[in-house]
Each structure stands twice: as C-alpha cells, then as structure tokens.
Amino acid sequence: MLTSIFILSNFSVLGEQTDANMGCFGFLKGMMFVFNGIIFLAGAAILGVGVWIKVDSGSILNFLGKIENAPTALNQVLNVGYLLIALGALLVVIGFLGCCGAVKESQCMLLLFFIIVLLVFIAEVAGAVVILVFRPLADDLFSKLGKAAVENIKNDYGTNPDITGLWNTTMSTLKCCGFYNSSDFINSPYYMNNKMKYPPQCCPDTHSPCNQTVVDNVTTINGCFLKIKYLIDENTVVIVGVALGIAALEICAMAVSMILYCRIKSTSA
C-alpha cells in the first residue's frame with residue numbers, strides 16, 4: 001500500500017514537472033514567434049525604404065551624387081540604398097527562419113537562425129570598433145564634402161533647376177541655410193542675379209527682402225551641416241540606447257533559439 005502511494009506521488013511530481021516544462025517550452029515558442037514577427041515586419045519596412053531611395057530620383061542621396069568634385073569616399077555613402085535593401089532582406093530572412101523554426105519546431109531553421117544572428121552580432125561589434133578607430137577619417141570626409149557642397153552652391157544654385165530645387169527642399173525641411181551658413185551663397189548665380197539677395201529660407205519669419213542686413217539680424221538659422229550634426233549629437237544617447245537594446249535582443253534571441261534547439265533535439269532523441 002505504501003509502495004503504491006509512493007509510486008503515485010512520484011508520478012504526480014513528474015507530471016507537474018512535465019507540465020511546467022511544456023509550459024516553459026510553449027512560452028519560449030511564443031516569444032520566439034512574436035519577436036521574429038517584429039523582425040520580419042521591420043525588415044520589410046527597411047527593404048521598402050531602401051527600394052524607395054534607389055527609385056526616388058529626387059532623394060538627397062542622388063543630390064549628393066550630383067555634386068561636382070565630391071570626395072570619392074562619398075560613393076560608399078551613396079550605396080546606403082543597397083545597404084538598406086540588403087539589411088532589410090536579411091532581417092526578413094531572419095524573421096522567417098525564427099517564426100517557422102519555432103512553429104514547426106525545426107532544428108535546421110533554429111540552428112540557421114542562431115548562426116545568422118551570431119554573424120550579424122559579430123559584424124555589428126566589428127563595425128562599432130571600426131567607427132571608433134576611423135572617426136578622424138570621417139571628419140576629413142565631411143570636410144571635403146563641405147568644400148564640394150559650397151562649390152556646388154556657388155556654381156549651380158540659381159541656374160540648375162535640379163540643384164536649386166533640392167537645396168530649397170533641404171533648407172525648408174531642416175530649417176537651415178546653406179551647407180555651413182548664408183555666406184555659401186555669396187557670388188552664386190542666384191545671389192548675383194537677384195541684386196545680392198539670399199534665398200528666402202535664410203530669412204525665416206520675415207517678409208523683408210533677404211539681403212545682408214536681414215541675414216545679419218537673423219541669429220536662429222544655422223547651416224544644414226550644423227543642423228544635422230546638432231540633431232545627431234542631441235540624440236546620441238537615444239542612438240546608443242537603441243544600439244545596446246538591439247544587441248541585448250540579439251543575445252536573447254540566440255539564447256532562446258539555442259534552448260529550443262536543444263529541447264527539440266533531446267525530445268526527438
């Protein structure tokens with residue numbers, strides 16, 4: 001009688017442990033599905049943005065590509081459209097593998113998911129190290145780009161409709177004037193053909209002609225480069241936080257995928 005009770009109690013404990021393990025396994029599967037569903041949607045969005053950048057002839061990247069005497073290293077920046085397409089496609093594949101691997105309990109998909117995320121994580125760490133090491137080169141690149149942009153304004157702003165329209169759109173969107181400041185427009189075709197006046201974007205909130213006197217009294221307008229740099233510096237903490245959050249999610253995703261892989265492997269064995 002006592003033996004029977006002992007056996008029944010053992011079976012009860014084992015059953016509770018099995019139910020707990022199955023519940024944990026189901027929870028991890030659900031987390032894996034939801035997390036990778038988000039990755040899949042984000043990848044699709046990034047892929048769409050990359051395609052839009054390559055198709056949109058009026059984008060800022062094509063504008064930079066039209067700047068004469070631009071530094072050759074800028075060509076790498078202009079490939080950001082292809083980079084976004086590749087990144088978006090990679091995220092779509094990762095999300096698909098993660099979702100299907102969790103739902104179908106496929107060891108192959110889960111292992112492939114783990115390997116791809118691990119490679120992406122290593123690439124991100126290597127990229128961060130490269131950015132920190134070669135930051136002075138980036139400053140030199142921006143210096144050369146600034147020189148080329150100012151020459152572009154002085155040569156084409158006011159005569160080339162494409163260049164003029166793109167500069168106007170950029171200045172109106174960012175609430176800025178020129179690349180560095182309003183002096184970039186001195187001796188430009190627009191400046192010479194409009195009795196030494198600046199574009200109206202350089203004199204916001206005023207109905208007076210944008211001449212030197214008005215420009216000197218405007219103290220709130222900055223160059224577009226300084227405005228972009230300010231936005232980046234202002235959001236550095238957010239950018240770093242997002243990067244660390246992505247890294248943490250990638251580590252969690254690798255851990256969950258490996259746990260599911262080992263559990264499925266032990267169950268099938």
Side-chain angles (χ1 to χ4, degrees), residues 45-46 48-85 138-236 239:
I46 293 174
V49 171
V51 173
W52 172 75
I53 288 177
K54 297 309 299 180
V55 171
D56 183 16
S57 60
S59 69
I60 187 63
L61 297 177
N62 286 304
F63 162 61
L64 292 176
K66 294 177 182 178
I67 296 179
E68 296 181 1
N69 302 319
T72 56
L74 184 62
N75 294 330
Q76 303 302 321
V77 179
L78 298 179
N79 290 328
V80 69
Y82 292 117
L83 177 62
L84 291 177
I85 291 174
D139 294 337
D140 182 62
L141 171 62
F142 283 122
S143 176
K144 293 179 179 178
L145 174 61
K147 182 179 179 181
V150 172
E151 290 180 0
N152 176 256
I153 291 175
K154 292 185 180 298
N155 294 332
D156 297 324
Y157 187 85
T159 56
N160 188 318
D162 293 334
I163 297 299
T164 304
L166 287 170
W167 267 113
N168 288 340
T169 301
T170 302
M171 292 189 294
S172 298
T173 302
L174 297 178
K175 308 296 183 185
C176 57
C177 174
F179 190 83
Y180 291 115
N181 50 50
S182 59
S183 64
D184 297 341
F185 293 97
I186 295 177
N187 296 327
S188 68
Y190 180 92
Y191 183 85
M192 302 302 295
N193 296 332
N194 288 274
K195 299 179 180 180
M196 298 182 180
K197 292 184 178 63
Y198 298 92
Q201 290 86 352
C202 297
C203 302
D205 304 325
T206 179
H207 299 289
S208 303
C210 192
N211 53 31
Q212 188 65 51
T213 302
V214 177
V215 166
D216 291 339
N217 292 329
V218 175
T219 58
T220 58
I221 194 76
N222 293 317
C224 296
F225 172 72
L226 296 177
K227 192 67 176 287
I228 294 174
K229 187 176 183 297
Y230 172 76
L231 291 174
I232 293 175
D233 293 340
E234 190 179 37
N235 295 281
T236 299
I239 295 172

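Numbering of residues begins at 1 and proceeds along the displayed sequence.
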First locate atom OG1 of Thr173, then atom CG of Asn168, and finally report the distance between them rounded to the nearest 0.5 Å.
10.5 Å
Closest non-hydrogen atom pair between Leu226 and Asn222, with its separation
CB-CB, 4.5 Å
Are Phe185 and Tyr157 near enough that their ring centres are under 6.0 Å apart?
yes
As an exercise, state the distance from OG of Ser188 to CG of Asn194, rounded to the nearest 0.5 Å.
8.5 Å
Can you check whether Met196 reaches Gln212 side chain to side chain, under 4.5 Å on heavy atoms?
no
Please name the pair of heavy atoms, one in Gln201 and one in Ser172, separated by the smallest distance, quoted to 0.1 Å.
NE2-OG, 3.4 Å
Judged by modelled atom types alone, do Trp167 and Asn152 share a side-chain donor-acceptor pair under 3.5 Å?
yes
Sequence neighbours excluded, every pair satisfying salt bridge (charged side-chain N to carboxylate O under 4.0 Å, His left out) that has a member inside residues 193-204:
none
Passes side chain to side chain contact (heavy atoms under 4.5 Å, CB included), Leu174 versus Ile228? Steps please.
CA-CA 8 Å; Leu174 297 178; Ile228 294 174; 3.8 Å; yes
Quick check: do Tyr180 and Val150 have side-chain heavy atoms less than 4.5 Å from each other?
yes
Ile46 side, atom CD1; Ile85 side, atom CD1 - distance, nearest 0.5 Å:
12.0 Å
First locate atom CG of Asn160, then atom CD1 of Ile153, and finally report the distance between them rounded to the nearest 0.5 Å.
12.5 Å
Rounded distance [0.5 Å steps], CG in Asp156 versus CD in Glu151
10.5 Å
I'd like to know if the side chain of Thr164 and the backbone of Gly158 have a donor-acceptor N/O pair within less than 3.5 Å.
yes
Cys224 and Met171, any side-chain heavy atoms less than 4.5 Å apart:
yes
Please examine the side chains of Tyr198 and Ile186, heavy atoms only from C-beta on, and report whether any two atoms are closer than 4.5 Å.
yes
Below 2.5 Å, is that where the SG pair of Cys203 and Cys210 sits?
yes
Return the minimal non-hydrogen interatomic distance between Cys176 and Lys227, and the atom names on each side.
CB-CB, 4.4 Å
